[in-house]
Every structure is written in C-alpha cells, then in structure tokens.
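Read the structure below first, then the notes.
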Amino acid sequence: MDTLNANIEKQPRKFLPENFTVTSWEILQPYFEALQQRPLNSVPDLEQWLKDLSELDAVVSEDACWRQIRMTCDTTNKQYEEAFTYFCMEIQPRLQPFADALNRKLLDSPLTKELGAGYDTYLRSVRKQVKLFREQNVPLLAELSVMAQQYGVVSGKMTIEVNGQEYTLQQAAKFLENSDRALREEVFRKTNERRLQDRDTLDQLYTSLIGKRDQVAQNAGFANYRDYKFEDLGRFDYTKEDCFQFHAAVKEHMLPLVKNILERQKAKLQLDTLRPWDTDAEPAGVKPLEPFQTGEELITRAIACFDQLGPFFGNCLRVMQQMGRLDLESRKGKAPGGYNCPLAETGVPFIFMNAAGQMKDLTTMVHEGGHAVHSFLSHHLPLSAFKEYPMEIAEVASMSMELFTMDYWDIFFSDKEELRRAKRQQLERAITIFPWIATIDKFQHWVYEHPQHTVAERTDAWLGILREFSPEVVDWSGLENYRAIGWQRQLHLFEVPFYYIEYGIAQLGAIAMWKQYKENKQQALDNYVKALSLGNTKTLPELYATAGIRFDFSPAYVKELADFVQQEMEAIG
C-alpha cells in the first residue's frame, strides 16, 4: 500500500483541445454531435468511443463542479451564482437529450455485448438512465438544481451575536460545549430564534421542491418521487422495505444505547433535567476539546495523522493542500455543511467545510479526507463512469477513516485524558447518529408519499417521527417551536433528496471495517484500498465483500455491531 502514489498527473486530452473550456452550449455541441454520428464498426471502435465520451463527460463535470464549489465558498458573490445558474439553465438542459441519445447508441450497438465483465455495472446504470429520461423533465431538473442551491444562500446569511461578536451558526455551535449553562442556553435560543426568522422561507422553498420533484416522478411514470429517486440513485441492491427494516433495527438496538449515552451525560453534568443545550456540554472545570485553532493547523495535523496510518493517505491531503483544493474555516457568506467534491478530469478533489475549532470539525476533516482518498484511489480507472461509485461505499470510505485514525489522535491531543474523551465522543457519535439518520430517512418517505401535504401536516409528521426515534431523556418543554423546524437544519432534504440512509448503511460498514482493523490492521487497510480502487466496477455486495465485510443491515447484524461498539466504549471508559 505504501508504494501507491497520490501525485496524480492530469492525462493529456485526446478528443478535446487542451485549451478547451466550457463557456456555452454552442462550443460543446459539436463534440456531442461528433460522438453521435461516429460509426462503431468494431469493439476497438466502441472502446475508443467510450474513452472519448468519458473525456467529454469529465471536462463538463469538472467545470460544473467548480461553478458549484465557488458558489458555496462565497454565496454572496453574484457572479458565482450567475455562472452556476447559467450552467444549470443553459448548458445542462441542452446536454441531456444528447446524453440520452448517446446512451441509446451504446445500448443499441450489438458490439456492446462483447465488452468485458468490467462494464456490467456501468451498463446497468446506462439502462437505468435511459429508462428514466423524459424530455419534459429536462427544464424541471434544471430549475430544481438552481432552487436547491437557494438553501445555501439562505443559510449562509444566518449569524448570531454572542458577547458582542458576530458568529455564523456553525461557529456559534462551539458554545454549546461550554461548561457555562446560562451561556449554552442563550446560544441555543439565539440560534433557533435566528432559524425561526427564515422558517417560512425554507418551508416555501421545500414545498416548491417537493411539487417539482413529484412532477418529475409523474412524468417518468412513477407513483411517487421516492420510487423514482430510488431508481435514479441506482439503488439496485436494496429496496424501500430494507430501509423500513433498518428503521426498525435502529429503534430496537441503537435507541437503548443512545438512551444510556444521554443518561450518562445527565449524570456527568449532575443535572436533574437534561435540556437540549446540555447534550454536548462539559461539566464545570472541564474545557471543551479543542483539537486545533486554525484551518492551517487542522490540515497540518490531519496530514500528520494520515501519514501515521499510511504514507499514501497523508500524500492525498498533501497534494490537495499544494493545489489549493481546501476551504476549511467557517465564515459569513459561506454555505453550511461540508463535502469532498471529486474532480473528474484532474483527479484531485476539493474539500469544503466549516471548521470552528471543535471536536466535530476533526471528525469532519478525517471523514472528508476518507472521501478524498477514495477519489484518488479510483482515478486510475479508464472511464469517468467507473469512478462514479455508489454512495453506500463512498460513505464507508469516509466513516472508516474516522475510526481508523483514532489510533493517531495524539497528534491532536497531547493530554491523555483529552485523548480518551475524544475517542469516547467519537464512538458515542458513531451510535447517536443512527436515530437521526432513521428520522430523516423515514421523514422523506412520508414527505414524498404524501406530496400534496400542507405545512402543518408536514410539521405534525416530522414531530411524530422525531419522537419515535428520540429517547425520552432530553426535556424539550417550552421549546416546541424550535423542535418543529429541526428538519430545516438538514441540507440533504433540500439539496440531495433521499441521500441520507447511505450514512446509516455505511456506518454499519465502517464499524465492521474498524472491527476488522482491530483484529488485523494491515489486512483491513489492504482490503479498504482494494475495495475503494474498484470504483463503480462491481455491485455493492461485491465491493463490501472485497473490503472484507457484509452488505447487511438486518436487525441481527445491527445488534452485533452495536454490541461491539458498546464494548469498545466501556473499554475506553
């Protein structure tokens, strides 16, 4: 593994000119037409055609990604917003009919049957795209892309004042770890009051998104958007019934552990009543964990941590740092959240996050770093489509890295007690995330099964599902208004619908990877690299098997992994 090289050199273009840039549809159209008209007389012809199509896809994809990256880094920049909107409204809609025609050309060619087994999962995806494509959905999908980004614009403007200083909501969250209970309550209330100011705006945005998404599904012949989106996301290896089974398993086997964690927190703080501003707090005299001060320090320490795990991993982050592919610190006007954006042509991804010096920022950094490693490991594959791996393995890459790197967190915490606390917090988070994932996923099933619902009905449904997955340890009395808008914090609902249960499926995979790592570190890391290097050339069960784990979220398996984490938490103390 140590011989792997993270220094990716951009491959010379063979189909497009080296100096080609995407400025308009008119400049792109001749290349799509050339591919559409090219005769395919032999398997080598077809393979070259696929390589040229892949090159064109990579160039267009990277251009679109940069437009989105720039806009999320600065939501106040109208030029960036216009460039992104221009792509969504003027380029993407004209490109899609050509993409469909090229997909059909590929499937119609008798030579396609002679391609090797490595093409199977790609061709399965192409068939899915052809099945879903509808001309009347092209403008709707363009509008949806632009509308979804409005969530970041609205959220990016949210700030509050604490002790006379302005903070983004991401930055202000650090005060919720403070031992001063009055300060925590003040920040919690201010944050939620600020969110309430945009409640109606986000409600209206979400209602509009639901309506348009439902129309897309109806146009494509589906009963609802959930069923359409399952196809669109390429969920070939599990069904909605499997998701319902996951919800039940979380309720049965994870909720009791979450209840124990919250009871422990209540006892630690010596409180009679645990309020929502107490769940992340430290007791009096204990400072919140501060693994770093600045974004520069965060990346320096993350590189050192990844180096310890394996030189290749550290080199991935080092190359990104050298190429300016990191934007880590929270600031006003920046979109919320964090992501790793693979860049299809250059191969070196971009990490975006909102660090404010907290423990959760360390977790986000190593999580997105795991995604970045995946981007590097799959870039060698010959077609762009081979690199577009399913999210259920992508999140195993990131969540496993959170757990693997714990062995080297002394780089962030020189104090042994702080290191113990950090590891304990990480394992607690690995468990407490499950009920939230089940809540968000079940909520989305309800939303799109009942697309004509009112805002009041949506709020009632949300609160009912939230109560189902919330242990009755935290007292929310008098805070019902805040609780009712809890879902508006989750950007996935607005920007990437139905992409959330992947975190739960993958967290199970990551815990299984970590269990394997504890038993045989080198074997686990080798399996990790092998699986991620396959990109999207195998099915999910095959990718998991290559990683040495099972693609399984049955109640029995959930219980087995929950028990393992419980034992590890007890060992840490």
Side-chain angles (χ1 to χ4, degrees), residues 11 13-16 28-61 95-135 137-138 220-222 227-239 342 344-345 347 374 377-394 530-547 551:
Q11 294 300 306
R13 292 175 181 172
K14 293 179 179 170
F15 181 53
L16 290 160
L28 271 171
Q29 186 173 348
Y31 297 98
F32 281 95
E33 287 175 342
L35 287 170
Q36 197 174 0
Q37 291 157 14
R38 188 189 300 177
L40 302 175
N41 299 320
S42 65
V43 171
D45 280 356
L46 177 58
E47 288 172 341
Q48 187 57 50
W49 183 85
L50 283 168
K51 283 177 187 167
D52 291 345
L53 173 59
S54 175
E55 184 183 303
L56 181 58
D57 281 346
V59 170
V60 173
S61 163
L95 182 158
Q96 283 177 321
F98 276 93
D100 179 62
L102 294 173
N103 280 339
R104 290 173 190 275
K105 182 181 173 82
L106 172 62
L107 296 180
D108 289 346
S109 171
L111 298 167
T112 301
K113 294 184 180 67
E114 297 180 45
L115 292 170
Y119 287 85
D120 288 351
T121 51
Y122 167 49
L123 292 171
R124 181 173 73 167
S125 294
V126 172
R127 282 191 285 271
K128 174 260 295 183
Q129 288 165 28
V130 166
K131 178 184 171 185
L132 293 185
F133 181 79
R134 297 292 185 281
E135 191 81 49
N137 278 342
V138 171
F222 287 83
D227 294 352
Y228 166 87
K229 197 62 186 171
F230 265 56
E231 288 261 0
D232 185 42
L233 289 168
R235 289 183 175 169
F236 300 107
D237 301 303
Y238 62 100
T239 64
E345 188 183 22
H374 200 175
L377 283 170
S378 60
H379 187 66
H380 72 283
L381 294 164
L383 300 184
S384 291
F386 290 175
K387 305 169 198 177
E388 292 168 6
Y389 33 75
M391 289 304 136
E392 296 82 356
I393 191 70
K530 260 185 246 165
L532 303 191
S533 300
L534 291 171
N536 190 27
T537 60
K538 301 285 181 187
T539 65
L540 275 173
E542 288 169 335
L543 291 170
Y544 272 56
T546 305
F551 185 70

- request: Given side chain to side chain contact (heavy atoms under 4.5 Å, CB included), test Tyr122 with Leu115 step by step and report yes or no.
  value: CA-CA 11 Å; Tyr122 167 49; Leu115 292 170; over 6 Å; no
task: Show your working on side chain to side chain contact (heavy atoms under 4.5 Å, CB included) between Asp120 and Thr539 and close with a plain yes or no.
output: CA-CA 9 Å; Asp120 288 351; Thr539 65; over 6 Å; no
field: Test log, rule side chain to side chain contact (heavy atoms under 4.5 Å, CB included), inputs Gln129 and Asp100
entry: CA-CA 8 Å; Gln129 288 165 28; Asp100 179 62; over 6 Å; no
- request: Please report the C-alpha distance between Phe222 and Lys229 in whole Å, then the side-chain angles of each, then the deciding distance to 0.1 Å, and finally whether the side chain to side chain contact (heavy atoms under 4.5 Å, CB included) criterion is met.
  value: CA-CA 10 Å; Phe222 287 83; Lys229 197 62 186 171; over 6 Å; no
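For the residue pair Ser378 and Lys387, the shortest heavy atom distance occurs at O-CG, 3.3 Å. Nearest heavy-atom pair across Ser54 and Ser384 is OG-N, 2.6 Å. Summarising the geometry of Tyr238 relative to Arg235, their closest heavy-atom pair is OH-NE, 2.9 Å, with the distance given to 0.1 Å.
Taking OG1 of Thr121 as the reference point, atom OH of Tyr389 lies at 14.5 Å (rounded to 0.5 Å). Residue Leu106 holds its CG atom at 9.0 Å from CZ of Arg127, rounded to the nearest 0.5 Å. From Asn137, atom CG reaches atom CD of Gln96 across 9.0 Å, with rounding to the nearest 0.5 Å. Interatomic distance, Glu231 CD to Lys131 NZ, rounded to the nearest 0.5 Å: 3.5 Å. For the atom pair Tyr119 OH and Thr112 OG1, the distance stands at 10.0 Å (nearest 0.5 Å). Atoms CD and OG, on Glu388 and Ser61 in that order, are 7.0 Å from each other to the nearest 0.5 Å.
Checking side-chain atoms of Lys128 against main-chain N and O of Asp232 turns up a donor-acceptor pair under 3.5 Å. Side-chain atoms of Gln36 do not come within 3.5 Å of backbone N or O of Phe98 as any donor-acceptor pair. Judged by distance alone, the side chain of Glu55 and the main-chain N or O of Arg13 form no donor-acceptor pair under 3.5 Å. Remark: the backbone N or O of Lys105 is not paired with any side-chain donor or acceptor of Ser109 at under 3.5 angstrom.
Side-chain contact check for Asp57 versus Leu383: every heavy-atom pair is 4.5 Å or farther apart. Two residues are said to be in side-chain contact when any heavy atoms from C-beta on lie closer than 4.5 Å; Phe32 and Gln29 fail this criterion. Taking the side chain as every heavy atom from C-beta outward, His380 and Ser533 approach each other to under 4.5 Å.
With Tyr31 as the partner, the side-chain contact (heavy atoms from CB on, under 4.5 Å) test is satisfied by one option alone out of Asp52, Leu53, Val59, Leu56: Leu56. When each of Leu532, Asp237, Leu534 is tested with Leu543 by the rule side-chain contact (heavy atoms from CB on, under 4.5 Å), just one qualifies, namely Leu534.
Side-chain atoms of Glu33 and Gln37 include no donor-acceptor pair closer than 3.5 Å.
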